[in-house]
Amino acid sequence: MIHFETKNGELLPIADLFVSLQGEGFNTGKPVFFVRLGGCNVRCSWCDTKESWDGTSFPLLSVTDLYKKIADSGQKRVVITGGEPALYNLGPICNILKDGGIERFMETSGTSPIRGDFEWIALSPKRHMPPLKENLERASELKVVITSPEDFSWAEENRKYVNEGCKLYLQPEWGAREEILSRIHNYLLSNPEWRLSVQLHKYLNIK
Ligand code: SF4
């Protein structure tokens, strides 16, 4: 959990700030300003941002200064990701972004209560640390990473709790994509409510 003072979300640990294209899920291809927060208690074995796990190793930035960087970029859409961003109160940064007319997206495992006014919440449930039901009900998008055939039933288990409008995605884990893609393909053909998400940024070799 959090071992440092974030002043209830007025300060946030910044692991990375960059502009790129959203590479996954429903918003794939949209230009966004990424705010990668440090700190994650979920610890997935296949995590591709392990350097972000220790939140104490990153500088704290005030939401005012963070907003200024985002506004200066000229981007009108922000993705707050991690790490696990739901560890923090994201109400203050959401409020200031909303006042500035900037769209607010979030990527989360859903394991901690989500605080903040988001227009899009992409929830990626982890089998070893399941998401809170209240977060599943709030998700705009359920994106299940498929690492093995057992993950299809895990995807369906989570689907039971999402809202009616929630978009459903299956995404091959990057390291297992060669073996698992054909299984996902077959699954989608007989379960057409689901869509395929691939990590476009990795195929394009961009951040
Ligand atoms: Fe990595 Fe995300 Fe899993 Fe945390 S929840 S370990 S950041 S993949």
Side-chain angles (χ1 to χ4, degrees), residues 1-4 6 9 12-18 20 22-28 32-61 78-90 93 104-116 118 120-136 138-148 150-152 154-155 157-158 161-162 166-177 180 184 196-203 206-207:
M1 299 314 274
I2 308 173
H3 303 293
F4 48 92
T6 60
L12 293 170
I14 304 298
D16 202 2
L17 301 174
F18 59 99
S20 189
Q22 172 60 293
E24 303 178 359
F26 182 79
N27 292 303
T28 293
V32 294
F33 189 105
F34 282 94
V35 175
R36 184 177 298 289
L37 298 182
C40 186
N41 57 341
V42 184
R43 316 251 155 159
C44 307
S45 59
W46 40 264
C47 178
D48 56 8
T49 55
K50 286 182 175 153
E51 68 284 355
S52 72
W53 286 3
D54 178 9
T56 62
S57 62
F58 299 102
L60 293 169
L61 196 63
V78 166
V79 173
I80 302 183
T81 184
E84 176 41 74
L87 289 175
Y88 307 103
N89 179 5
L90 301 174
I93 187 61
R104 302 154 316 278
F105 296 175
M106 179 189 201
E107 300 272 337
T108 179
S109 66
T111 48
S112 299
I114 296 170
R115 294 162 286 172
F118 287 95
W120 195 267
I121 296 173
L123 191 155
S124 183
K126 316 302 184 198
R127 187 196 285 269
H128 63 284
M129 194 181 283
L132 303 177
K133 300 254 183 335
E134 71 198 48
N135 289 340
L136 281 167
R138 196 177 159 187
S140 318
E141 167 183 340
L142 177 66
K143 184 175 60 191
V144 183
V145 176
I146 304 294
T147 61
S148 68
E150 294 74 46
D151 289 329
F152 293 111
W154 168 240
E157 183 59 30
N158 283 278
Y161 302 103
V162 299
C166 183
K167 309 291 183 192
L168 305 174
Y169 287 93
L170 302 177
Q171 179 173 295
E173 193 264 303
W174 183 252
R177 66 190 185 286
I180 208 76
I184 295 177
L196 174 66
S197 171
V198 295
Q199 293 180 291
L200 179 71
H201 52 298
K202 293 191 177 176
Y203 284 102
I206 59 174
K207 201 166 181 182

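Order of listing sets the numbers, starting from 1, for every ligand and every atom in it.
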Work out which heavy atom in Q22 is nearest to a heavy atom in V32; give both atom names and the distance. N-CG2, 4.0 Å
Mind checking what makes side-chain contact (heavy atoms from CB on, under 4.5 Å) contact with T28, not counting sequence neighbours? L200
Within a reach of under 6.0 Å around NZ of K167, are more than 12 heavy atoms found that belong to other residues, nucleotides or ligands? no
Anything protein N/O/S under 2.8 Å from atom 4 (Fe) of ligand 1? Just list residue and atom, please. C40 SG
Mind checking what makes side-chain hydrogen bond (donor to acceptor under 3.5 Å, both in side chains) contact with K50, not counting sequence neighbours? none
Using side-chain hydrogen bond (donor to acceptor under 3.5 Å, both in side chains) as the criterion, list what pairs up with T81, not counting sequence neighbours. none
Can you say whether the rings of W174 and Y203 are parallel (under 30°), tilted (30 to 60°) or perpendicular (over 60°)? perpendicular
